[in-house]
Structures are given as C-alpha cells and as structure tokens.
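Values reported hereafter were calculated over all heavy atoms of this structure, with side chains retained and with hydrogens, waters and symmetry mates removed. Each residue takes its place number in the sequence, starting with 1.
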Amino acid sequence: MARVDVTVRGGGIFGLSTAWACLKRGAAVRVVEAVDWGAGSSGGLVGALSPHVPVAWNAKKAFQLESLLLAGDWWAGVEAASGLPSGYARLGRLQPLADDRAVEAARRREGEAASLWQGRAEWRVIWATGEAWEPQTPSGWLVRDTLSARLSPRMGLAALLQALRARGAELILGDGRDEGAVVHATGVAGLADLTQAFDLPLGSGVKGQALSLRHDARDQPQLFVDGLHIVPHADATVAIGSTSEATWTGDGPDAQLDALLDKAIAALPALAKAEVIQRWAGIRPKAASRAPLLGAWPGRAGHYVANGGFKIGFGMAPKVAEVMADLVLEGRDTIPPEFRLDALVQKTARR
C-alpha cells in the first residue's frame, strides 16, 4: 500500500466489519490480527441475530434494532463483493410460553413491538401446531418474531475477509505497523489492555460453549428456549448454545455441553438422533457496561476502540462498523452515550 488511512487491530467481527465500512468509504485499510482470523469468540458456532424483548426501551435496544434492520443489505453487500455466502437469512424466531401469565405478557408486547420496531417486524403470539420444528411449549402458545435472523459466524468472517481482499485491503497475520487512525478491536486482550491503561476494571472475558449438530433445517426459524439458542444454518447444521461462565477451569469444551444437548433435545425432540459434529468453547469480551465499548481512546490521539460485543457482537456489527467509520473518517460522533469508552472510564472512576 502506498498509504494507509486506517489500521484496524483485531480480526474478529468488530474489527473486520469496521475495516469493511471504512474501505467502502474509500479509505486505504490495513488489518492486523495477532493470532488468526476469528481466533476469539467470533469464530464460534451460534450466530443468532436476535432482538431484546420490545419493552423498557433504551439506547442499546434502539441501536440493536437499527443494526438488525441494516443487516440484510449490509451482508448482501459483503456477499456481492466477496462472491461468498455469509449464511445470513432473516427467518424469524420461535419462543415457547410457559403459562398463562407469560402468554398475557407476550400479548402486551405485540403492540409495543409494532410501535418500537417501526412496523418493520412483528412479535406475535401464535398457537403451536405440533410441527416437528416447533419447541415444546407448556401453555400451547409460542411467540414468533420476524426480526430475528441468523448468520454463520465462520461463513460470515470468511466472506468479510474475501471482500476486504477483493477491495484491496492489506491483511496481516502477526506483526504489523500502525499507520493512520488506529482502531483497537482486540476482544478480551483489548479489554485487559484498557483495564491496565486506566487502572480501572473496564471489562473481562466470559467463557461460552456451543455445539453443532448435523441436521438440515436451513429454512426454519431459530428457537429460543429458556436461555438456549437453537439455530439452523445454511450448511445443514444446527448450532446449540451457549453457556455463560464468569469463572472456569479450562478454556476448552467440557461436560456442560452434554447438559446443553439434553436441554435442546427436550425442547425439540426432532434433534434426538442428530449427530454432534463439533464442540466449541471461546472467551467472549464483556465490557463492564455490558454494552459495546466504542469511541476514541482518551489520551491517545488518533486511537479508537471497538470492543465488548459479548453475546450480541454479530447482531450489532453492521451498525457498530458504520458509526466507527463515521467517527474515524468523518469526525462525526454518533455513538450512544451508554456505549462510549470515555463515559465508562468516568463512571468507573467515580465508584
């Protein structure tokens, strides 16, 4: 490259997405990944792009809505540039309702979703019909939302990498120099760097485990059952996840995945004979705010942070990438106050 306008450090979903957004706007981009592309939690299996419940609306939920609505066209652009599929499909989601009280609460949210989701997606209470792909539901009722989508994390990252190559980005594994503006999207290691730099507890890692089954339900909606995601993918697999472990004794998969599988089969008996083809574990970056951690790095001119995707990184990525490009390339700060790195530093320092 004759020049580099933006150096992105980190080859996970926030780093590659931000690089892509900057590249689309004409910037010369270098991406530096210390270990391997998707080596952290972005190389997982689940890929559930799902909204929070449409109630108690806040900036985080509004930002997530914008990102989920943006995702279809955003990933289509990646696929067009790369010639590779991302596995994206907006097929909705089913959730069982446990009892009459849950049904009543879900019905109240139908109207809230119609308003908050701007009429662009629905949240509906429906009667279960007994089809094989419907989860077991004690009340006989389900929620179906049409906002939820799925994406294969590994297919999505592969498509992003190829799109970046095709548009002339410089991709470096190992050591690479910082030139131009620098975006730090380095996951758990980056949260540790921030914690050390400010001598404040700004974030940490949370282990998650998931597994993949050989079962073709590629045209079916994803399921969310008592905290468990069951996500059918375009490659005729179904992902089951995930655990959320604040403390752990080993970084690899363990017996907790057996419990996840049992829970998934109890929820959806159609999976009883599906072959387990992969078990996965990774450490997800969780900011102290539990929201994405974005913005300028206080005290380091020309340096920025995009971190803290935690459980919703892939769903948030299109909007995160665009607001980071706004800030880095155009100086426009459209980051919600709740997401700002400087705000978290100030808030944590006051505690």
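Annotation: side chain of F14 is not in contact with side chain of V183 (no heavy-atom distance under 4.5 Å). Put simply, the side chain of V4 reaches to within 4.5 Å of the side chain of E170, judged on heavy atoms. For the pair L194/L293, a side-chain contact is recorded, criterion being any heavy-atom separation below 4.5 Å from C-beta on.
A donor-acceptor pair under 3.5 Å links the side-chain atoms of W123 to the main chain of A106, judged by distance alone. A donor-acceptor distance shorter than 3.5 angstrom exists from the side chain of D5 to the backbone of A28, with no hydrogens or angles considered.
In this structure, H229 and F224 have tilted ring planes: the angle between them lies in the 30° to 60° band. A parallel orientation is assigned to the rings of W133 and H215, their planes being inclined by less than 30° (bins at 30° and 60°).
By the rule that hydrophobic residues join a cluster once side-chain heavy atoms approach within less than 4.5 Å of another member, L70 and L160 end up as members of one cluster. When hydrophobic clusters are built by joining Ile, Leu, Val, Met, Phe, Trp and Tyr residues whose side-chain heavy atoms come closer than 4.5 Å, directly or via intermediates, L223 is not grouped with V231.
Taking a 6.0 Å sphere around CG of D99, one finds it holds more than 12 heavy atoms contributed by other residues, nucleotides or ligands. Annotation: R290, atom CZ; neighbour count of heavy atoms from other residues, nucleotides and ligands within 6.0 Å does not exceed 12.
Between the CD1 atom of I335 and the CZ atom of F63 there is a distance of 8.0 Å, given to the nearest 0.5 Å.
A salt bridge between R25 and E322 is present, with a side-chain N of the basic residue lying under 4.0 Å from a carboxylate O of the acidic one. Salt-bridge formation is detected for the pair D342/R340: a Lys NZ or Arg NE/NH1/NH2 atom is positioned less than 4.0 Å from an Asp or Glu carboxylate oxygen.
A donor-acceptor contact closer than 3.5 angstrom links the side chains of E134 and T129. When only modelled atom types and interatomic distance are considered, E79 and S86 share a side-chain donor-acceptor pair under 3.5 Å. A donor atom on one side chain and an acceptor atom on the other are found under 3.5 Å apart for Q222 and S50.
Checked options K311, K207, R284; the residue passing with S242 is R284 (criterion: side chain to side chain donor-acceptor pair (under 3.5 Å)).
Pairing each heavy atom of L260 with each of L228, the nearest pair is CD2-CD1, 3.6 Å.
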